[in-house]
Amino acid sequence: ITYLQLKINKSELRQWCIMILACSLITNVSFMLQIVNISNETSRVWYEAFAMIGITIMPVCWLFAALHFINEKYKFKKIQLLWFVIPMISIVATFTNDYHHLIFKTFTTTTATREYGFLFYVMFVNIIFTIGYVIFRIIKYFKLRIIIIFKIRMLDRTYMIFTNINENT
């Protein structure tokens, strides 16, 4: 869906930002519905599964939004759809958790007493790695810009010093 959406509209940064907002909306609405239906355990599991859609896809959307912010001419390639593999597996596993318990071994109303499965930790590490990579790329981008600005100012000052010396002699 994301790939098709990006082909339709030419402003890819805008599309990724819309995807971030959509993921945030899905997650927040799911959490609000969990709070409203606190007594119904079955619906809370489904709302948690819907929340996973936003939780797992949002870091990947942040990544591509950052890449488009850093480089306006950045082109999305089909191979980069691999960034969506773990989020998609996590979403499917969350919806089918009753059969294999790979995401939640035991699902309770409080997060403190939940037992998480192996795939939950894989998903968690993937999210942390993706967010860390986004932060690294943005810091690298701004660090490069700051260095360039600093060098330009230093060259300008050096030029001013040498022109003043030449004028005085």
Side-chain angles (χ1 to χ4, degrees), residues 1-35 44-148:
I1 293 172
T2 304
Y3 184 73
L4 293 174
Q5 185 183 28
L6 291 172
K7 286 295 180 185
I8 294 169
N9 194 332
K10 299 297 180 191
S11 174
E12 294 182 12
L13 176 60
R14 180 177 173 220
Q15 290 299 317
W16 286 111
C17 290
I18 290 170
M19 288 292 294
I20 292 168
L21 290 173
C23 290
S24 179
L25 178 70
I26 291 169
T27 303
N28 290 334
V29 167
S30 298
F31 285 149
M32 284 188 288
L33 290 172
Q34 277 185 11
I35 293 169
R44 285 181 53 83
V45 173
W46 280 100
Y47 295 140
E48 185 73 28
F50 281 112
M52 285 295 178
I53 294 172
I55 292 170
T56 58
I57 294 177
M58 193 181 313
V60 180
C61 293
W62 283 339
L63 171 67
F64 289 113
L67 291 175
H68 286 287
F69 176 76
I70 291 168
N71 182 7
E72 292 177 7
K73 296 176 184 174
Y74 182 82
K75 293 294 180 193
F76 185 79
K77 300 169 192 84
K78 288 184 182 179
I79 190 74
Q80 293 172 332
L81 288 173
L82 291 175
W83 279 97
F84 288 98
V85 169
I86 293 177
M88 291 300 150
I89 291 171
S90 300
I91 291 167
V92 170
T94 305
F95 278 102
T96 60
N97 190 57
D98 293 338
Y99 303 110
H100 49 71
H101 300 287
L102 288 173
I103 298 289
F104 302 111
K105 288 182 181 177
T106 57
F107 185 84
T108 60
T109 55
T110 59
T111 56
T113 58
R114 283 186 198 163
E115 289 183 38
Y116 299 103
F118 172 74
L119 195 56
F120 180 86
Y121 294 109
V122 170
M123 175 189 64
F124 181 75
V125 167
N126 180 56
I127 290 170
I128 297 300
F129 174 75
T130 306
I131 293 171
Y133 184 67
V134 169
I135 292 170
F136 169 75
R137 290 295 301 257
I138 290 174
I139 288 173
K140 184 178 173 185
Y141 170 76
F142 282 114
K143 183 178 177 183
L144 180 67
R145 297 296 178 264
I146 290 170
I147 289 172
I148 289 172

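Treat the numbers as computed from the prediction; the structure is a model and nothing was measured.
- For V134 against P59, the heavy-atom pair with the smallest separation is CG2-O, 4.3 Å.
- Side-chain contact between P87 and N126 is present, with at least one heavy-atom pair separated by less than 4.5 Å.
- Note: F84 CZ to C61 SG = 5.0 Å, rounded to the nearest 0.5 Å.
- In this structure, the side chains of F69 and R137 stay at 4.5 Å or more apart for every pair of heavy atoms.
- By the side chain to side chain donor-acceptor pair (under 3.5 Å) test, Q80 is found to be paired with Y74, residues two or more places apart in sequence or in another chain being considered.
- Within a 6.0 Å sphere centred on CD1 of I79, other residues, nucleotides and ligands contribute 12 heavy atoms or fewer.
- Atom CG of L81 and atom CE of M88 lie 9.5 Å apart (nearest 0.5 Å).
- A 4.5 Å side-chain heavy-atom check between F95 and I103 finds every atom pair outside the cut-off.
- Looking at residues two or more places apart in sequence or on another chain, you find no side chain to side chain donor-acceptor pair (under 3.5 Å) involving Y121.
- Side chains of I127 and I131 form a contact here, defined as non-hydrogen atoms less than 4.5 Å apart.
- Nearest heavy atoms, S30 versus Y47: CB-O, 3.3 Å.
- Side-chain contact between I57 and I91: present, with at least one pair of heavy atoms (C-beta onward) separated by less than 4.5 Å.
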Practice problem: Go through the steps for Y116 and F124 under the test side chain to side chain contact (heavy atoms under 4.5 Å, CB included), then give the verdict. | Solution: CA-CA 11 Å; Y116 299 103; F124 181 75; over 6 Å; no

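- Looking at W62 and T130, their side chains never come closer than 4.5 Å, going by heavy atoms from C-beta outward.
- M58 contributes atom CE, which lies 8.0 Å from atom CD1 of I20 (distance to the nearest 0.5 angstrom).
- Residues I55 and F31 are in side-chain contact: their nearest non-hydrogen atoms beyond the backbone lie under 4.5 Å apart.
- Within the 4.5 Å cutoff, the side chain of F104 has heavy atoms near those of the E48 side chain.
- Between W46 and F50, the ring planes lie tilted relative to each other; the angle falls in the 30° to 60° range.
- Here the options are N28, I26, T27, the test is side chain to side chain contact (heavy atoms under 4.5 Å, CB included), and the partner is S24; only N28 passes.
- Listed by first and then second residue, the side-chain hydrogen bond (donor to acceptor under 3.5 Å, both in side chains) pairs that reach into residues 89-99 are T96-H100, sequence neighbours excluded.
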